Amino acid sequence: MGCSTEDLVAALRAAAEVVIDHRDELVELDRLIGDADHGENLRRGFTAVVSTMDGGGWSGPASVLKAVAKTLISTVGGAAGPLYGTAFLRAGAALDGRAELDAPAVATALRAALDGVLARGKAEPGDKTMVDALTPAVQAAEAAAAQGADVVATLSAAAGAAADGAAATVPLVARKGRASYLGERSAGHLDPGARSTSLLLTALATHAGGAR
Amino acid sequence: MGCSTEDLVAALRAAAEVVIDHRDELVELDRLIGDADHGENLRRGFTAVVSTMDGGGWSGPASVLKAVAKTLISTVGGAAGPLYGTAFLRAGAALDGRAELDAPAVATALRAALDGVLARGKAEPGDKTMVDALTPAVQAAEAAAAQGADVVATLSAAAGAAADGAAATVPLVARKGRASYLGERSAGHLDPGARSTSLLLTALATHAGGAR
Amino acid sequence: MKKIINDPADVVSEALRGMALAHADLLTVRQDPAVIHRDDAPVQGKVALVSGGGSGHEPLHGGFVGPGMLDAAVPGPVFTSPTPDGVQAAIEAVHGGAGVLLIVKNYTGDVLNFETAAEFAAIEGTEVRTVVVDDDVAVKDSLYTAGRRGVAGTVLVEKIVGAAAQRGDDLDACEALARKVVGGTRTLGVALAAGTVPHAGQPGFTLAEDELELGIGIHGEPGRARLPMEPADALVRRLVDAVTEDLPYTAGDEVLLLTNGMGGTPQIELYLAHGIAAELLAARGITVRRHLVGSYVTSLEMQGMSLTLLKLDDELVDLWDAPVRTAALRWGM
Amino acid sequence: MKKIINDPADVVSEALRGMALAHADLLTVRQDPAVIHRDDAPVQGKVALVSGGGSGHEPLHGGFVGPGMLDAAVPGPVFTSPTPDGVQAAIEAVHGGAGVLLIVKNYTGDVLNFETAAEFAAIEGTEVRTVVVDDDVAVKDSLYTAGRRGVAGTVLVEKIVGAAAQRGDDLDACEALARKVVGGTRTLGVALAAGTVPHAGQPGFTLAEDELELGIGIHGEPGRARLPMEPADALVRRLVDAVTEDLPYTAGDEVLLLTNGMGGTPQIELYLAHGIAAELLAARGITVRRHLVGSYVTSLEMQGMSLTLLKLDDELVDLWDAPVRTAALRWGM
Ligand SMILES: Nc1ncnc2c1ncn2[C@@H]1O[C@H](COP(=O)(O)OP(=O)(O)O)[C@@H](O)[C@H]1O
Ligand SMILES: Nc1ncnc2c1ncn2[C@@H]1O[C@H](COP(=O)(O)OP(=O)(O)O)[C@@H](O)[C@H]1O
Ligand SMILES: [Mg+2]
Ligand SMILES: [Mg+2]
Ligand SMILES: [Mg+2]
Ligand SMILES: [Mg+2]
């Protein structure tokens, strides 16, 4: 079961709505160890993504993901804007020329996204950032795809690992991003970006199967 | 029983200490319908009066009262500084040439003080100011002196009337001073200046008898 | 009460010490009695402008001392008028032979203390005039009351008359101009949260999360009415309505619009309010020819703002635009 | 949350509207993307200075746009870095052929968004350099962290490099100067009460009456330590100690001392703190050659202050003293 361009658009729209619904939670997480804007930044950005998805005229999954990237880069701002923007841009670039997505393509795209985030943000696993959700997600997706899982199962594996990875940020002391200014006092809190990554992947997994 | 210059100095020192002791109460009264400084203004001023009383070299009651006036004018500030300053200045001037005070002299001095406050501040009785304590005090002192009361009894009569007059300011709507800016909302509060006038007269009555 | 202070009794003298250090090239600051004056005072042949009042309204008045504005400011204790000796010391320090104009905010204490100082100065042979500023429309004026308060409009009087004195206007002209500016100025203020007088330790009044206090002055005294909190559009309209109706200011008028912060409200909110006010005025046909936005006449850390309108003509515009160099208002030099 | 605002989502655009009206003679303000630039931009042949960042720090950066300082400022949403398109629009609006210097406060978001814009501009053939300001000593610098934050020292960089660009320094010289100023600047801040981000509705952190937060940044994020409230003498000494020990600043040094308010602290407290700081520095043999006291780099209505030192030499003093005309900093013109 592949994922068509249409399925991808629908899944991204659904994922955008999930993020928008979690605005207040993400604001609150960021208020505790940051500057209280992550949820508002993503609400602004993913509201624009919904409009972008309304556009149409897609030439394939790559074009959709690049449009999402451009939208996020020009509307989110903050750290998350360029990081998520780069993630979607690299994921799109990794899928250039494909008409639809299979599981290995999903894993490839996620790996490219992670590489983009690492290149831009220079965080390492354990720094208490979105990298701590995305890294295990990529590994889980690659393992699932290698074992022959379909797109939805691959994304579900990624989402599960992202949720665990996000939860595991709680005890960490932040070394990157705004929470790092708190030093030891950043421990004991969930990283907002790891949480939003987990939300996005879970929503994509739930909706990537299309209307089926 | 007259009141010597020494008695007057002692009574003023005692009265100053009473006012200083009531600083917080007067601040609080002024906070409710003014700008929260009456107690602090009088603390500053009457602390200086205590120093002035330490000076000595008095040529009579008039010189003492004028020195108090000068001290208050140059240390209290606000509305109360010039008003109390004028009151003491006029009281002093009314006693020029006397070596000690009898009851009619006390009544004369109080009347002069009131006239000074009225001339300076242009308040009328019922405007919710110190005038509402001083006016009945003067009337009571004049009545007592006319009936042959001594200095202490005359001042006691004045103090009792001042206390009643101060209490009667509670329901009034202020028409002068800072409380007037509150309009109807000034009703229900004791006027700080009327209260300090009552405190002063009560302390003077208590201590004007000297060590006797 | 949380403040960056030591003993509440020392707040004014310690702040003056910092001000003296920060503006040593411009100001001379004396203590006991406290006076802030131009370091080149007296300026011979120029009418000298002196203002003052309780502290806690910074930058008013000390922040407006310098060429093109005040010659001296006399700071009293927090929210308490200075005593006459401070005013006398200021008059003596800046009198340059052309007379002294006292700019006094209309409060009983200020009026009485400045009046006493003026009497003394007159006895010494110094020509002194007094102009009382009373721009606050929250207070109903009447013969039987203390009259309107002087609030944020004071800064406009000080700037414009300061420019006139600087260009050489004589005492009569400066006095007449000051009365004209006062006559054309109206202000109304609102608080979201009161400030705390250091020696009192408690705020002047307490507002709930959903309340505002309309018609506040600059001394932490409560205002005329407590209203439900409302969006900036409605709140600013309320202020514009009250201020314009008072003089009144009508279609065809040209004005200066001052959006003034009360000390604890940040600039972003002031600009936001200013934009609303300017557009409401434009909709009424009133042209805002000059703008001033900032915390110029404050009430300690009070959160809130006031709107001031001053009716302009070409002369007033020229005087407003004239160079000024003070700690808090500076252009052209 | 009590603020003079309408919808929290509109705070920045509505404040910009007011700013545009208030400074129509100086600034051009664009929306979508938001850019504030000199109304005479581009100035041909002059290096163009562009800064920006999240809003809520007013007057930074828009209040520092004008002759002798910034050519443009790019305001993001409250506490959120602007997106690259705003920065690109600013670069295009002000580039006068001599290159563009971006002055960026060190936050991951600001650095990444400005970096992206710089890449785009380079592709278009515009020479762009970036200098990152990181003056906050509260944050321990390390290769493995986000590094120090850019805070109040930013205003000093903007003023001094602005003067150099105005006198005709080329892009290399401006960049080198900016790095020199950044290298000589250190800041530490303290909060008595946090501000509230409009869209969050709750303060960044909550302090008890007897607590202060040391080492805060300018985004409502908590600081490094919560301490008992203390008198100004002790508090300012704490700041002076930490700042001077960091670079370090030692006897014989000449410095600029900036006492900066966080938005909700009134000028009287800032002057008081400034006096204490200046005397402590004098006691260490450090000469304060230039002073700045006011709320220049704020964190909404946060109550608190920061102290900034900048090591001076004659060149920096000259550039500091050079004429500047902006909404919030103005002298000599
Ligand atoms: N260098 C980095 N690398 C990866 N992720 C980062 C980095 N810096 C911050 N983040 C992520 O960004 C999130 C914060 O995003 P947001 O609040 O929108 O931006 P800002 O920190 O600029 O306010 C953090 O929770 C963290 O997950
Ligand atoms: N015009 C006046 N005539 C008489 N008493 C007045 C007048 N104005 C004010 N007062 C008195 O002064 C008191 C306030 O004094 P104070 O608080 O020291 O000065 P301020 O009002 O300047 O802060 C009032 O409570 C009132 O009794
Ligand atoms: Mg954030
Ligand atoms: Mg009072
Ligand atoms: Mg007072
Ligand atoms: Mg942010």
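Below, chain A is the first sequence line, B the second, and so on; all start at residue 1. Heavy-atom basis, side chains included; hydrogens, waters and symmetry copies ignored. Fair warning: this is a prediction, and the values are worked out from it, not measured in the lab.
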Partner chain C: residue of [options] with the largest heavy-atom pair count (under 4.5 Å):
options                                   : value
Met305(D), Lys3(D), Met262(D)             : Lys3(D)
His274(D), Arg330(D), Met333(D), His57(D) : Arg330(D)
Glu269(D), Glu58(D), Met1(D)              : Glu269(D)
Arg17(D), Glu14(D), Met302(D)             : Arg17(D)
Glu230(D), Gln267(D), Met19(D)            : Met19(D)
Gly18(D), Ala232(D), Gly62(D)             : Ala232(D)

message: Could you measure the distance from the CH2 atom of Trp320(D) to the CG atom of Leu312(D)? Nearest 0.5 Å is fine.
response: 9.0 Å
Spacing of CZ belonging to Arg238(C) relative to CG belonging to Leu280(C), to within rounding of 0.5 Å: 13.0 Å
field: Exercise: do His23(C) and His291(D) side chains pair donor with acceptor under 3.5 Å
entry: no
- request: Counting only heavy atoms closer than 4.5 Å, note whether Leu270(D) contacts chain C via side chain, backbone, both or neither.
  value: neither
- prompt: Checking Ala327(D) against chain C: side chain, backbone, both or neither under 4.5 Å from a heavy atom?
  reply: side chain
What part of [X] gets closer than 4.5 Å to chain D, counting heavy atoms only: side chain, backbone, both or neither?
X         : result
Val288(C) : neither
Leu16(C)  : neither
Ala24(C)  : neither
Ala282(C) : neither

Salt bridge Arg325(D)-Asp25(D), side-chain N to carboxylate O under 4.0 Å: yes
message: Could you check whether Arg290(C) pairs with Glu254(C) (Lys NZ or Arg NE/NH1/NH2 to Asp/Glu carboxylate O, under 4.0 Å)?
response: no
query: Got more than 12 heavy atoms from elsewhere within 6.0 Å of CZ, Arg237(C)?
result: no
field: Closest non-hydrogen atom pair, Tyr296(D) against Pro59(D)
entry: O-CD, 3.3 Å
query: Do Phe79(D) and Ile218(D) touch side chain to side chain, with heavy atoms closer than 4.5 Å?
result: no
field: Glu301(D) side-chain N/O to Thr196(D) backbone N/O, donor-acceptor pair under 3.5 Å
entry: yes
task: Please determine, among Ile5(C), Leu207(C), Val293(C), the option with the most heavy-atom pairs under 4.5 Å with chain D.
output: Ile5(C)
